[in-house]
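Sequence lines set the chain letters: A, B, ... in the order given, protein chains first and strands last, and positions in each chain run from 1.
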Number of protein chains: 2
Amino acid sequence: MTNTPTLEDVAARAGVSTATVSRCLNAPEKVIEPTRARVMAAVEALGYAPNFSARALAAKRTQTIGAVIPTMENAIFAEGLQAFQERLGEAGYMLLVASSSYDPAREAEAIRALVARGAEGLLLIGHDRDPAVIEFLATQSVPALVAWAHDAARPSIGFDNRAAMAALAARALDLGHRRIGVISAPRAGNDRARARVEGVRAAAGAAGLNPDDIPVIEAPYGIEAGGEAFDRLMETAAPSLVICGNDVLAAGALKRARDWRLSVPRDVSITGFDGIELSRLVTPALTTVHVPHRAMGVAAAEALMAACAGEGELASLCLKTEISDGETLAPPR
Amino acid sequence: MTNTPTLEDVAARAGVSTATVSRCLNAPEKVIEPTRARVMAAVEALGYAPNFSARALAAKRTQTIGAVIPTMENAIFAEGLQAFQERLGEAGYMLLVASSSYDPAREAEAIRALVARGAEGLLLIGHDRDPAVIEFLATQSVPALVAWAHDAARPSIGFDNRAAMAALAARALDLGHRRIGVISAPRAGNDRARARVEGVRAAAGAAGLNPDDIPVIEAPYGIEAGGEAFDRLMETAAPSLVICGNDVLAAGALKRARDWRLSVPRDVSITGFDGIELSRLVTPALTTVHVPHRAMGVAAAEALMAACAGEGELASLCLKTEISDGETLAPPR
DNA sequence: AATAGCAATGTAAGCGCTTACACAGCATCA
DNA sequence: TGATGCTGTGTAAGCGCTTACATTGCTATT
């Protein structure tokens, strides 16, 4: 086990001081050509790689931004996160990702871990969060931006989950649906899930239905869970329209509808939310709400980098969503 | 902007030395109860969070493992990576993820970045890699483990891509298919894609076909690309069986088959590879090769942690795959 | 020719933590 | 009672970098 070469090793080999080597690496224009060549040769020869921890400690900058997402397993965050990462990468920032498995305690732990690791800014999903965590971030003065949700009062880049879902529900109600069922992700600790259900309720109310009559089944993420929720809904309420809180649940419901030998959308309509690739792959393609994942990721990256550079505060941005027409929504029989 | 509290601040407030505070945090049993309580109270009161960089620098341990995957956007790596991360988390390790967008230069850059950030071990995908990178890892003595592929000679935990695909192709050939087309991910720099195509060729040869007659269309990841490749294949070769290098491409081909008004598997059979959730969601469900993603992730995590702890060298492990029966493979008409 | 001004480099003081070693206080044992 | 061993803490030396400031040797300017 050879000892990893340090700045000092490089300096010794190039016959210069450590300061010069450091400058060669961080501000090459401050070092005259022949010296630089000598240093670079030494760097190459030794296979030197700067120690990030030491650099971070000395310079107090890490060029790192962290993100805590509920899960990696689910395509819902993948596209936006990829765009977020690409934008950060272009600007020389690095992304640290952690996942919380939808568990607030784990999220808090991940946030602490990322901050301790030098994350200068944080991307978080949704607003539901222990105030202690918010306070921690404040005392550490780490800018945190929430994505996939919108709230004018708190820094966030996302969309209006409630309004978007209400628009979709209104469209369905216009077609004449009156028996509606909802399959939602667990609402505890998930403001987006709550807002979406609220959106359905609001639209129903506006259409003259009693929002409290609408059955809501909660199902954890996953195709299978969506299918089981569909079973329960059909057994009890037999709605003509099943509104799902996300595309994954909708895909599960759609699959299960086939098992019930129900034709979609003739016998039952099913809608999703998120507009991930999956929604266009299932047969029939899902009618869903298209979310601007990439735009959100890019905007979040730029906002966070600006905040880290001290260029002003984090603001809120509400992006537009639109109904993505598929083939799973039609008038009731 | 309050200055983040340091160990020294905590020590001052608790009326002890910094060493004692450090011990409280890292080896509580070495500190007597009343002292510890005082220290912990100070930690709490100040909202102290240890500085990871300083700790890493002083202790020369980071409890961090890095992973470089081709893309986050694609479900193919998500499940295995999630399992990898969960296993690491249980053992108190943290995961740093970077993505390379299937670009060797970016992968090399990401590897350097992760090592500089203190990754004690690395999870990499596939064996194709610039020798300079391998050498870099060796000089830094960072154990690197390859996943999603297998090679007895180099540390890897995965499966035999060639044999797995050959088994699937053999099954199809047994059904009587003779006009075969392949849609593969780009093979340059991707040993897994190459091995899978080789598998098809080997099976074809064994069945008395000329492997060189089998058309292979390369398509980048993505549903759309899979569809376009399907177009080209049908226009030129009109095979009775389309073997796809992964489920995403297969899903794209399946979708496009519908546009061609071809019934699958009556008019054309289509197979995938990977066995991700998507394969069971599309209609009809894909016949594919099921890969033990979670087992692979867990095994990789354990192997890397053992190597980091100095408990022996990294070994290779070849996991079993199996054909996952769907409804897209049937005898030719 | 003396002076200022600048560019290239060196010197050395930390950044916040861990940990080997030193030390003090106390119980234990001959 | 004095030597012996613990145990709980403190002291201080780094870990590998960055960077303010000092130094040196030039070229311009007067």
Atom pairs, protein N/O to nucleotides 19-23 of chain D N/O, distance under 3.5 Å:
none

_Main chain of Ala105(B), side chain of Asp130(B): is a donor-acceptor contact present, judged purely on distance under 3.5 Å?_
no

*Nearest-Å distance, CZ (Arg117(B)) to P (dC17(D))?*
15 Å

*For Ser316(A) and Arg154(A), indicate whether the former's side chain and the latter's backbone hold a donor-acceptor pair under 3.5 Å.*
yes

*Base, sugar-phosphate, or nothing: which does Phe52(B) touch, judged by heavy atoms less than 4.0 Å apart?*
nothing

*Roughly how many Å is it from CG in Leu25(B) to C1' in dT18(C), rounded to a whole number?*
12 Å

*Mark yes or no for whether Asp103(B), through its side chain, and Ser100(B), through its backbone, hold a donor-acceptor pair below 3.5 Å.*
no

*Rounded to whole angstroms, how far apart are NZ on Lys30(A) and P on dT9(C)?*
13 Å

*Can you check the Glu8(A) CD to dG16(D) P distance for me, whole Å?*
9 Å

*May I ask you to say what Ile32(B) touches in the nucleic acid, namely base, sugar-phosphate or nothing, with a heavy-atom cut-off under 4.0 Å?*
sugar-phosphate

*Provide, to the nearest angstrom, the distance between the CZ atom belonging to Arg55(B) and the P atom belonging to dC15(C).*
19 Å

*Side-chain N or O of Lys60(A) less than 4.0 angstrom from OP1 or OP2 on dG14(C)?*
no

*Toward the 5' end of DNA chain D, by each residue's nearest nucleotide, Gly15(B) or Ala49(A)*: Gly15(B)

*When the distance from CG of Asn51(A) to P of dG16(D) is rounded to whole Å, what number comes out?*
7 Å

*From the list dC17(D), dC15(C), dG16(D), which nucleotide is the closest neighbour of the side chain of Leu57(B)?*
dG16(D)

_Length of the CD-C1' vector between Gln140(A) and dG16(C), whole Å_ = 13 Å

_Looking only at the side chain of Val16(B) (C-beta and beyond, no hydrogens), which of the listed nucleotides dC17(D), dG10(D), dT9(D) gets closest?_
dG10(D)

_Apply side-chain contact (heavy atoms from CB on, under 4.5 Å) to residues Phe52(A) and Thr62(A) and explain how you reach the verdict._
CA-CA 8 Å; Phe52(A) 172 80; Thr62(A) 59; 3.7 Å; yes

*For Trp148(B), does its backbone N or O pair with a side-chain atom of Asn161(B) as donor and acceptor, under 3.5 Å?*
yes

*asked:* Can a donor-acceptor pair be found, under 3.5 Å and without considering hydrogens, that links the side chain of Ser156(B) to the backbone of Asp151(B)?
replied: yes

*Just call it for Ser53(B): base, sugar-phosphate, or nothing, with non-hydrogen atoms closer than 4.0 Å on any strand.*
nothing

_Closest nucleotide among dG8(D), dG16(D), dG10(D) to the Thr6(A) side chain_ = dG16(D)

*Nearest-Å distance for atom pair CZ/P, residues Arg38(A) and dT9(C)*: 8 Å

*Can you check whether Val31(B)'s main-chain N or O pairs, donor with acceptor, with Arg23(B)'s side chain at less than 3.5 Å?*
no

